[in-house]
Amino acid sequence: MQEQYRTVAREDVHEIEINKSRFLCALAPAATEEEAQAFIARVRKEHPTARHHCFAYVLGADGSVQKASDDGEPGGTAGVPMLQMLLRRDIRYAVAVVTRYFGGVKLGAGGLIRAYGGAVGEALDTLGTVTRQRFRLATVTVDHQRAGKLENELRATGRVVREVTYASGVRMEIGLPEADVESFRAWLADTTAGTAGFELGGEAYEDA
């Protein structure tokens, strides 16, 4: 699996104007194709009088799902340059929709490619991206007496503490880089005098 990937920081819109045509680039995170398609449909609904709603999305930390549409623009002049911009910036789990309000001046194939790709690039620069790191999930169980001190030490050493549950004992769900699992296991045993339980789980991505 990919150790990390970049995605868009938030859902938002960035607008540019080229030769009287307005290009509105809407960006959003998307975990699935259903989410991406729902976002595209919502943008279309918000701009019913626009001439084109071109889109591109990349899903999967390894970019395994890619799709692009020119939506009536000349073939290869809109969706593909949008997709290429997302890939060039290593963007994953994201969808971009560029809505064009035609201004009456034809841009030509080269102009369209620069406009659509540029709209996505400018939007990424303006709206920002975040890097997400792959973590191995783990559960630490400890008694109430040691829980507060252990949680403080986990956070102080930069560990990702996802959830803390208090019951008869205290369960802490944490995220660890794969390479740190064994060293963490040893650190935990040393810190708690061997009293803490440690159980490995699955994997997830978190903001780095």
Side-chain angles (χ1 to χ4, degrees), residues 1-48 50-103 105 107-135 160 175 177 204-208:
M1 290 180 67
Q2 291 280 112
E3 286 303 309
Q4 62 180 35
Y5 68 87
R6 295 172 70 200
T7 191
V8 299
R10 64 188 189 280
E11 181 182 318
D12 214 332
V13 180
H14 177 70
E15 179 176 344
I16 62 174
E17 185 174 315
I18 300 173
N19 287 349
K20 299 182 180 180
S21 277
R22 293 171 61 210
F23 294 85
L24 286 74
C25 180
L27 291 176
T32 64
E33 285 208 70
E34 289 76 17
E35 283 187 21
Q37 291 289 351
F39 179 72
I40 294 163
R42 179 152 56 85
V43 172
R44 286 182 183 278
K45 194 172 180 181
E46 288 171 0
H47 300 277
R51 180 169 292 194
H52 304 285
H53 300 281
C54 307
F55 69 80
Y57 56 79
V58 183
L59 306 177
D62 57 356
S64 56
V65 177
Q66 302 175 14
K67 194 163 185 180
S69 168
D70 297 313
D71 192 41
E73 293 282 29
T77 63
V80 170
M82 290 170 63
L83 179 62
Q84 288 174 339
M85 183 61 70
L86 293 175
L87 294 172
R88 195 178 308 150
R89 299 291 188 90
D90 294 322
I91 301 298
R92 304 291 186 265
Y93 288 111
V95 55
V97 184
V98 175
T99 297
R100 182 188 183 191
Y101 285 94
F102 183 57
V105 179
L107 302 182
L112 288 172
I113 290 169
R114 286 189 295 274
Y116 280 98
V120 174
E122 274 198 29
L124 290 171
D125 289 340
T126 303
L127 305 179
T129 61
V130 293
T131 299
R132 294 176 69 79
Q133 179 77 35
R134 182 166 69 95
F135 287 103
V160 178
Y205 286 90
E206 299 279 353
D207 290 352

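Index from 1, following the sequence.
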### Query
So do the side chains of Tyr101 and Ser21 get within less than 4.5 Å of each other, counting heavy atoms only?
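A side-chain contact is absent here, since even the closest heavy-atom pair is not under 4.5 Å.
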### Query
Less than 4.5 Å apart, any side-chain heavy atom of Arg88 and any of Leu83?
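They are not in contact (no side-chain heavy atoms under 4.5 Å apart), so the answer is no.
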Rounded at 0.5 Å granularity, tell me how far [atom1] in [X] sits from [atom2] in [Y].
X	Y	atom1	atom2	value
Phe55	Thr99	CZ	OG1	12.0 Å
Arg132	Gln4	CZ	CD	12.0 Å
Arg44	His53	CZ	NE2	6.0 Å
Gln37	Thr32	CD	OG1	9.5 Å
Lys67	Glu33	NZ	CD	6.0 Å
Leu124	Thr7	CG	OG1	9.5 Å

Under 3.5 Å, is there a donor-acceptor pair between the side chain of [X] and the main chain of [Y]?
X	Y	value
Asp70	Ala78	yes
Arg100	Arg51	no
Ser69	Gly79	no
His14	Cys25	no

Indicate the atoms forming the closest heavy-atom contact of [X] with [Y], along with that distance.
X	Y	value
Glu73	Cys54	CG-SG, 3.8 Å
Ala94	Val8	CB-CG1, 4.0 Å
Ile18	Ala115	CD1-CB, 3.5 Å
Gly63	Val58	CA-CG1, 3.7 Å
Lys20	Glu17	CA-OE2, 3.8 Å
Pro29	Arg10	CD-C, 4.1 Å

### Task
Return the orientation label for the Tyr116 and Phe23 ring planes: parallel under 30°, perpendicular over 60°, tilted otherwise.
perpendicular
### Query
Relative to each other, are the rings of Tyr5 and Tyr93 parallel, tilted or perpendicular (30° and 60° limits)?
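Tyr5 and Tyr93: tilted rings.
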### Message
Would you say CZ of Arg6 has more than 12 non-hydrogen atoms from neighbouring residues, nucleotides or ligands within 6.0 angstrom?
### Response
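Above 12, so yes.
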### Query
Among Val97, Ile91, Ile40, whose side-chain contact (heavy atoms from CB on, under 4.5 Å) with Tyr57 holds?
Ile40
